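A short worksheet on the structure shown next.
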Amino acid sequence: MTTLHLTNARLIDPEAGTITQGSVTLAKGVIAAINGPKPKAATEIDCGNHHLAPGIVDIGVKIGEPGERHRESFRSAGLAAAAGGVTTLIARPDTAPAIDTPETLEFVTRRAAEASPVRIRHMAALTKGREGREMTEIGFLLDAGAIAFTDAFAVTQDAKVLSRAFTYARSLGALVIGHPQDPGLSKGAAATSGKFASLRGLPAVSPIAERMGLERDLALVEMTGVRYHADQITTARSLPALQSAKSAGLDVTAGTSIHHLTLNEIDLGDYRTFFKLTPPLRSEEDRLAMVEAVANGTIDCISSMHTPADEESKRLPFEDAAAGAVALETLLPAAMRLYHAGHIDLPTLFRALSTNPAKRLGLPQGRLAQGAPADLVLFDPDAPFLMDRFKLRSKSKNTPFDGQRMEGKVLATFVNGTQVHSA
């Protein structure tokens, strides 16, 4: 394994909240030194005074293996992640079949290791088939390498089933990731209720549905003591419940998607289905509230919620089209919008993109410190470019940023001390 000495870099330390000029030495898969001398046998890389930060740890990525490989494979997702500065992606279990047995988990783990240039860890389903009727063998799945448990967007309606799963997960120290949404109210919705959805004639859901789902989950967390992470908080009305749970000492964290931080419901104006997401895009007031919640730490993590969809499933009337967008390559440049707007500084952004997700999952990544894994991203936050969806490395091209002017370009990505992407 080659020793690399990265010089002339602006080092972003999310834990210290600082940006300093310096160098980083990578050896044997870890950060061997910061601002140390160049080892004799090391290969020197001049970073050109660009920013060097811990690689992004992305919770909640959908990959089409098994069952939907035409939408995304481990290889294409890994290449897209490397190009986007994502060094560890956490794959969702909403595959066909669902990742709900140790055998299926072992299969995808082996396939990911063979095909992807970046690290891939897998979540397993919380209930069998993600059907909400019977919990999975959480203990066996933990032994097989499951990093967390979730039914993704298939919200369990039976609170008794969920409470049993939470109790069992608590006894094993497992992390449960929930999707806060009342399934009855949100069924069939394509937009957030309000004047805009009414004018466009779109079936809509009230933001209260998210709060109801979150409060139900938090009540069960209080009852069982399980470790819990809400995958997407997208409305201001959910924040008081989240803040109250944290203040009460519950083991609760929360994330939000980059799309809900940078887009709002007005973007649905021309019925372009690339903007149809789960949950739907919210009001500008909600978007700004989410940005502030990330800045002050109420929301811990930012994720891509990468959801590939083929052309056939998107070229439909808005109500009927598949929900979701690809975002592995657009996550960082979209996050730069928050930085350039003056809402969030770079150390705070990378705390939400890298440090906090890694910490929540019990991973050693997400830090710029001696001895930490050598997973890094070198990027230029000011480099402008025009987003062309057909240049994305993902098999699916359903990005809402197609044709938009963006800033922030990944120059190089390092995983385990090896360069896996170069611009």
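Everything numeric in this text was worked out from a predicted model, so none of it was measured. Below, each value reflects all heavy atoms present in this structure, side chains not excepted, and no hydrogens, waters or symmetry copies.
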Check for a donor-acceptor pair, side chain of Lys128 on one end and backbone N or O of Asp100 on the other, with a separation under 3.5 Å.
no
Any donor and acceptor pair, going by atom type alone, linking the side chain of Glu265 with main-chain N or O of Phe196 inside 3.5 Å?
no
Taking only Lys NZ, Arg NE, NH1 and NH2, and the carboxylate oxygens of Asp or Glu, determine whether Asp402 and Arg272 approach each other closer than 4.0 Å.
yes
Euclidean distance, Lys409 NZ relative to Asp382 CG, rounded to 0.5 Å:
13.5 Å
Exercise: do Glu285 and Asn264 side chains pair donor with acceptor under 3.5 Å:
no
Note: Lys246-Asp300 ion pair, threshold 4.0 Å (strictly below)
yes
Those residues that, when tested against Asn398, pass side-chain hydrogen bond (donor to acceptor under 3.5 Å, both in side chains) (two or more places apart):
none
Do Ile299 and Met290 have side chains that get closer than 4.5 Å, going by heavy atoms?
yes
Short question: side chain of Ser247, backbone of Gln243 - any donor-acceptor pair under 3.5 Å?
yes
In terms of side-chain heavy atoms, does Thr192 have a donor or acceptor partner in Arg282 at a distance below 3.5 Å?
yes
Among residues at least two apart in sequence or on other chains, which ones pass side-chain hydrogen bond (donor to acceptor under 3.5 Å, both in side chains) with His5?
Thr25
Counting distance only, does the side-chain N/O of Gln181 pair as donor-acceptor with the main-chain N or O of Pro183 below 3.5 Å?
no
Distance-minimising heavy-atom pair for Leu214 and Ala241:
CD2-CB, 4.3 Å
Check whether the side chains of Asp58 and Ser304 place a donor and an acceptor atom closer than 3.5 Å, and report yes or no.
yes
Between Ser396 and Val326 the two heavy atoms that sit nearest each other are O-CG1, 3.8 Å
Heavy-atom distance under 4.5 Å between the side chains of Arg10 and Asn49, does that happen here?
yes
Side chain to side chain donor-acceptor pair (under 3.5 Å) test vs Arg337 passes for just one of Glu407, His343, Gln404, namely Gln404
Looking at side-chain heavy atoms only, is the closest gap between Leu52 and Val24 below 4.5 Å?
yes
By side-chain contact (heavy atoms from CB on, under 4.5 Å), which residues pair with Thr273, not counting sequence neighbours?
Lys314, Phe318, Ala321
Any non-hydrogen side-chain atom of Glu292 less than 4.5 Å from a side-chain atom of Thr298?
no
Side-chain touch Pro207/Ser193, heavy atoms, less than 4.5 angstrom
yes
Any donor-acceptor N/O pair, Thr307 side chain to Ala325 backbone, under 3.5 Å:
no
Please test Leu361 against Leu175 for side chain to side chain contact (heavy atoms under 4.5 Å, CB included), starting from the C-alpha separation and ending with a verdict.
CA-CA 8 Å; Leu361 295 165; Leu175 175 67; 3.8 Å; yes
Listed partners of Pro54 passing side-chain contact (heavy atoms from CB on, under 4.5 Å), at least two apart
Pro14, Ser354, Leu368
Is the shortest side-chain heavy-atom distance between Leu6 and Leu378 below 4.5 Å?
no
So, does Arg287 use its side chain to make a donor-acceptor pair with the main chain of Leu261 at under 3.5 Å?
yes
Any residue meeting salt bridge (Lys or Arg N to Asp or Glu O under 4.0 Å) with Lys38, in chain and number order, not counting sequence neighbours:
none
May I ask you to decide if Thr127's main-chain N or O and Asp151's side chain share a donor-acceptor pair within less than 3.5 Å?
yes
Do Thr253 and Arg360 have side-chain N/O donor and acceptor atoms under 3.5 Å apart?
yes
Flag for Glu72-Ser394: side-chain donor and acceptor within less than 3.5 Å:
yes
Show your reasoning for whether side chain to side chain contact (heavy atoms under 4.5 Å, CB included) applies to Leu250 and Tyr228.
CA-CA 9 Å; Leu250 299 184; Tyr228 177 86; over 6 Å; no
Can you name the residues that form a salt bridge (Lys or Arg N to Asp or Glu O under 4.0 Å) with Asp182, not counting sequence neighbours?
none
Min side-chain heavy-atom separation Ile34-Asp13 under 4.5 Å:
no
Heavy-atom pair of closest approach, residues Leu353 and Ala335
CD1-CB, 4.4 Å
Any donor-acceptor N/O pair, Thr355 side chain to Gly366 backbone, under 3.5 Å:
yes
Among side-chain atoms of Thr87 and Gln365, is any donor-acceptor pair under 3.5 angstrom?
no
ring-ring contact (aromatic ring centres under 6.0 Å, His included) pairs touching residues 374-394, sequence neighbours excluded, are His51-Phe379, Phe350-Phe379
Closest heavy-atom pair and its distance - Ile258, Ala327:
CG2-CB, 4.5 Å
What pairs meet the ring-ring contact (aromatic ring centres under 6.0 Å, His included) rule with one or both residues in residues 392-416, with sequence neighbours excluded?
His259-Phe401
Identify the two heavy atoms, one from Thr413 and one from Gly85, that lie closest to each other, and give their separation to 0.1 Å.
OG1-CA, 3.8 Å
Whether the side chain of Arg130 engages the backbone of Ala125 through a donor-acceptor N/O pair (distance < 3.5 Å, no angle test) should be reported.
no
Taking all non-hydrogen atoms of both residues into account, name the closest pair between Ile99 and Thr104 and its distance.
CA-CG2, 4.0 Å
Which residues pass the side-chain contact (heavy atoms from CB on, under 4.5 Å) test with Pro357, not counting sequence neighbours?
Val57, Ile59, Cys301
Rounded to the nearest 0.5 angstrom, the OG1-CG distance for Thr43 and Leu4 is 6.0 Å
Partners passing side-chain contact (heavy atoms from CB on, under 4.5 Å) against Thr418 (at least two apart in sequence or in another chain)
none
Between Met123 and Ile90, does a side chain to side chain contact (heavy atoms under 4.5 Å, CB included) hold up when you go through it step by step?
CA-CA 7 Å; Met123 297 185 281; Ile90 311 301; 3.6 Å; yes
Could you pull out all donor-acceptor pairs under 3.5 Å where a side-chain atom in residues 60-69 meets a protein atom, sequence neighbours excluded?
from, atom 1, to, atom 2, distance (Å)
Lys62, NZ, Glu68, OE1, 3.1
Lys62, NZ, Asp94, O, 2.4
Glu65, OE1, Arg111, NE, 3.2
Glu65, OE1, Arg111, NH2, 3.1
Glu65, OE2, Phe74, N, 2.8
Glu65, OE2, Arg111, NH2, 3.3

CD1 of Ile233 to CG of Asp231, rounded to nearest 0.5 Å, is 8.0 Å
For a 4.5 angstrom cut-off between non-hydrogen side-chain atoms, does Pro279 reach His260?
yes
Listed partners of Arg393 passing salt bridge (Lys or Arg N to Asp or Glu O under 4.0 Å), at least two apart:
Glu329
Side-chain donor or acceptor of Thr167 paired with backbone N/O of Ser163 under 3.5 Å
yes
Enclosure of Glu215 CD (heavy-atom neighbours >12, cutoff 6.0 Å)
yes
